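Shown next, in structure tokens, is the structure this report addresses.
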Amino acid sequence: MAEGDAEDIDRGVAAARRAFEDGPWRRFTPFQRQAILLRLADLVEERFDEIAMLDTLDMGGPISATRARKGRAVGLLRYYAGQATTIHGDTIANSQAGEIFSFTLKEPIGVVGAINPWNGPFGMAVWKIAPALAAGCTIVLKPAEQAPLSPLWLGELCLEAGIPSGVVNVVNGPGRTAGAALAAHPDVNKVAFTGSTATGQAIIRASAGNVKRVSLELGGKSPDIVFDDADLDAAVPGAAMAVFANSGQICSAGTRLFVQRGIYDEFVERIAAFAKQLRVGNPLDPDIQLGPLVSQGQLERVTGYLESGKAQGARAVSGGGRILREDLAEGYFVEPTVFTNVRDEMKIAREEIFGPVISALPFDTAEEAVARGNATDYGLGSGVWTQNLTNAHRVAKGLRAGSVWVNCYQAMDPAVPFGGYKMSGYGRESGREHIEEFLETKAVWIKTG
Ligand code: NAI
Ligand code: MG
């Protein structure tokens, strides 16, 4: 893998700028952009087995899970293909004297820098590229250095689908060189970033130089609230996989599990039993449910949190450490872990771990659950499990988070906006809001009198 640096970012941005100013992409009709995005969707659908294999090899997601992401990747492309034909301004009645007509035009913002993490390499690359393309923008994508393979291939498929050369540029390289250069680049009009909150803050600072637009999807410490009237047969696996899926490497994972006191002991026992029967192992084995963490660095980070939890008095009722079984001892495997005896102020209950670690916390009333659920700098995901309509509505309104899932977790759809409150970022991905992230609004006044 070539290691791109600031000079390669310069070349990528120059190519994207040329393609934006002189190339045909933004002059294509909406139908033409739609047709090409649909062709790209077909190519992705045809090649998806290989794409899934690349992601599994790169970041360790179980092959069953990376293959299952086909519907989402293809669906995103087809949704944004449709969005390409829906862009429009408004005609606006004004109150000026004389005959003067006012309307707005929607125009592509220009060159977009996209910076991605490693936890869903292909889907995340599609999620950044497709709406920008639908809007008529050109792009420089800087994938995560841990998982560069499938995003590079997406770049090739873009060419094969008929997207003109220079419109999509993929530059691999580390964050501190290539990523930082893209974030600061004076000729980039917008940066779309997904990753840690600390890097998001660096990107905001870097954006000041040319006042580029920024959208950020950052970390989380999402509350998942189980009431004593919940359907436990659904809530136990639902709340477990809200954290353990992708070995916990999901920004909106419901890692703070609030359980109403009357069912706390039973619930903890059942979720620990669920954790213990999960099949962790070689991600190429189709029967495996959880693979390793992405890297040595992530392994150290997660096991560091496990040690911190124990040192602060938490008790692991399942898991609690690295998996040292002979066939897995050389990989970055961590046991699905459920901690009890956790207090809200402990490090494991406050900071994003990005590993398969649940903190189970008892609560008494709905008001208390909402208040403690909101007592965090983050606001990305959240969950509620209850059969009581009043609880469901009150808690859904009370939680300060970009998504609330009731009696489910992590439902996603290309048409439904996703994003954060507070330090989980700003801007929305998916839905009508997403395309707006890549558009400028121009007001035009025409004196007709
Ligand atoms: P990161 O946020 O540093 O990296 C994400 C992307 O940003 C990568 O492409 C990286 O190369 C790039 N990057 C890094 N520094 C940059 C800079 N100064 N300017 C521009 N781009 C830069 O995340 P990292 O280091 O991979 O993981 C650290 C922790 O962050 C994880 O353990 C996890 O807790 C959290 N994280 C959260 C994610 C989320 O979706 N909420 C995704 C990835 C990581
Ligand atoms: Mg980093």
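Counting starts at 1 for both ligands and their atoms, following the listed order. Treat the numbers as computed from the prediction; the structure is a model and nothing was measured.
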Protein non-hydrogen atom found under 4.0 Å from atom 25 (O) of ligand 1: no
Is there a protein heavy atom at a distance of less than 4.0 Å from atom 40 (O) of ligand 1? yes
Stepwise salt bridge (charged side-chain N to carboxylate O under 4.0 Å, His left out) test for Arg428 and Glu436: CA-CA 9 Å; Arg428 290 292 177 271; Glu436 292 290 336; over 6 Å; no
Could you find the nearest protein heavy atom to [atom] and give me its residue, atom name and distance?
atom	value
atom 23 (O) of ligand 1	Ser196 OG, 3.9 Å
atom 16 (C) of ligand 1	Thr199 CG2, 3.4 Å
atom 44 (C) of ligand 1	Phe354 CE2, 4.0 Å
atom 8 (C) of ligand 1	Asn116 O, 3.3 Å
atom 42 (C) of ligand 1	Pro117 CB, 3.3 Å
atom 31 (C) of ligand 1	Gln298 OE1, 3.7 Å
atom 27 (O) of ligand 1	Trp118 NE1, 4.2 Å
atom 13 (N) of ligand 1	Gly175 CA, 3.4 Å

Geometric class of the Phe258/Phe363 ring pair [parallel <30°, tilted 30-60°, perpendicular >60°]: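 The arrangement is perpendicular - the two ring planes meet at more than 60°.
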Please verify whether a non-hydrogen atom of Gln249 lies at under 4.0 Å from ligand 1. no
Just to check, does Ser252 reach to within less than 4.0 Å of ligand 1 when the distance is taken from its heavy atoms?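 The answer is no, since Ser252 has no heavy atom less than 4.0 Å from ligand 1.
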Which of the listed options, Glu352, Glu300, Glu145, holds the heavy atom that is closest to atom 10 (C) of ligand 1?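 Among Glu352, Glu300, Glu145, the closest heavy atom to atom 10 (C) of ligand 1 belongs to Glu145.
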Closest heavy-atom contact between Val243 and Gly355?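 Taking Val243 first and Gly355 second, the nearest heavy atoms are CG1-O, 4.2 Å.
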For ligand 1, which atoms have a heavy atom of [X] less than 4.0 angstrom away?
X	answer
Ala144	9 (O)
Cys251	39 (C), 40 (O), 41 (N)
Lys142	8 (C), 9 (O), 10 (C), 11 (O)
Gln146	26 (O)
Gly219	41 (N)

Among Arg256, Lys221, Arg372, exactly one meets salt bridge (charged side-chain N to carboxylate O under 4.0 Å, His left out) together with Asp344. Which residue is that?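 Considering Arg256, Lys221, Arg372, a salt bridge (charged side-chain N to carboxylate O under 4.0 Å, His left out) with Asp344 is found only for Arg372.
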Would a 4.5 Å heavy-atom cut-off, applied to side chains only, mark Thr255 and Ile358 as touching? no
Can you name the one residue among Asn116, Leu182, Asn172 that meets side chain to side chain contact (heavy atoms under 4.5 Å, CB included) with Lys142?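 The single option meeting the side chain to side chain contact (heavy atoms under 4.5 Å, CB included) with Lys142 is Leu182.
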Scan Val111, Leu133, Asn169 and name whichever one has a side chain to side chain contact (heavy atoms under 4.5 Å, CB included) with Ile139.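 The residue from Val111, Leu133, Asn169 that satisfies side chain to side chain contact (heavy atoms under 4.5 Å, CB included) with Ile139 turns out to be Leu133.
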Once you restrict to heavy atoms under 4.0 Å, what part of Pro143 touches ligand 1? Side chain, backbone, both or neither.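 Under 4.0 Å from ligand 1, Pro143 contributes backbone atoms alone.
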Examine the proximity of ligand 1 to Leu218 and report which part, side chain or backbone, both or neither, has a heavy atom under 4.0 Å away.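 The backbone, only.
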Can you tell me if Glu368 has over 12 outside heavy atoms packed within less than 6.0 Å of its CD?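 Buried by this count: over 12 neighbours within 6.0 Å.
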Honestly, is Lys190 close enough over Phe438, meaning NZ or CZ under 6.0 Å from the six-membered ring centre and within 45° of the axis?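 Judged by the rule (NZ or CZ under 6.0 Å from the ring centre, within 45° of its axis), Lys190 counts as positioned above Phe438.
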Would Phe418 and His434 count as a close aromatic pair, with their ring centres under 6.0 Å? no
Pair Glu156 + Arg47: basic N to acidic O under 4.0 Å: no
Salt bridge Lys70-Glu46, side-chain N to carboxylate O under 4.0 Å: no
Consider every N or O of Ile353 and every N or O of ligand 1, then say whether any pair is closer than 3.5 Å. no
For the residue pair Glu335 and Ser318, confirm or rule out a side-chain donor-acceptor distance under 3.5 Å.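 Checked: Glu335/Ser318 side chains show no N/O donor-acceptor pair below 3.5 Å.
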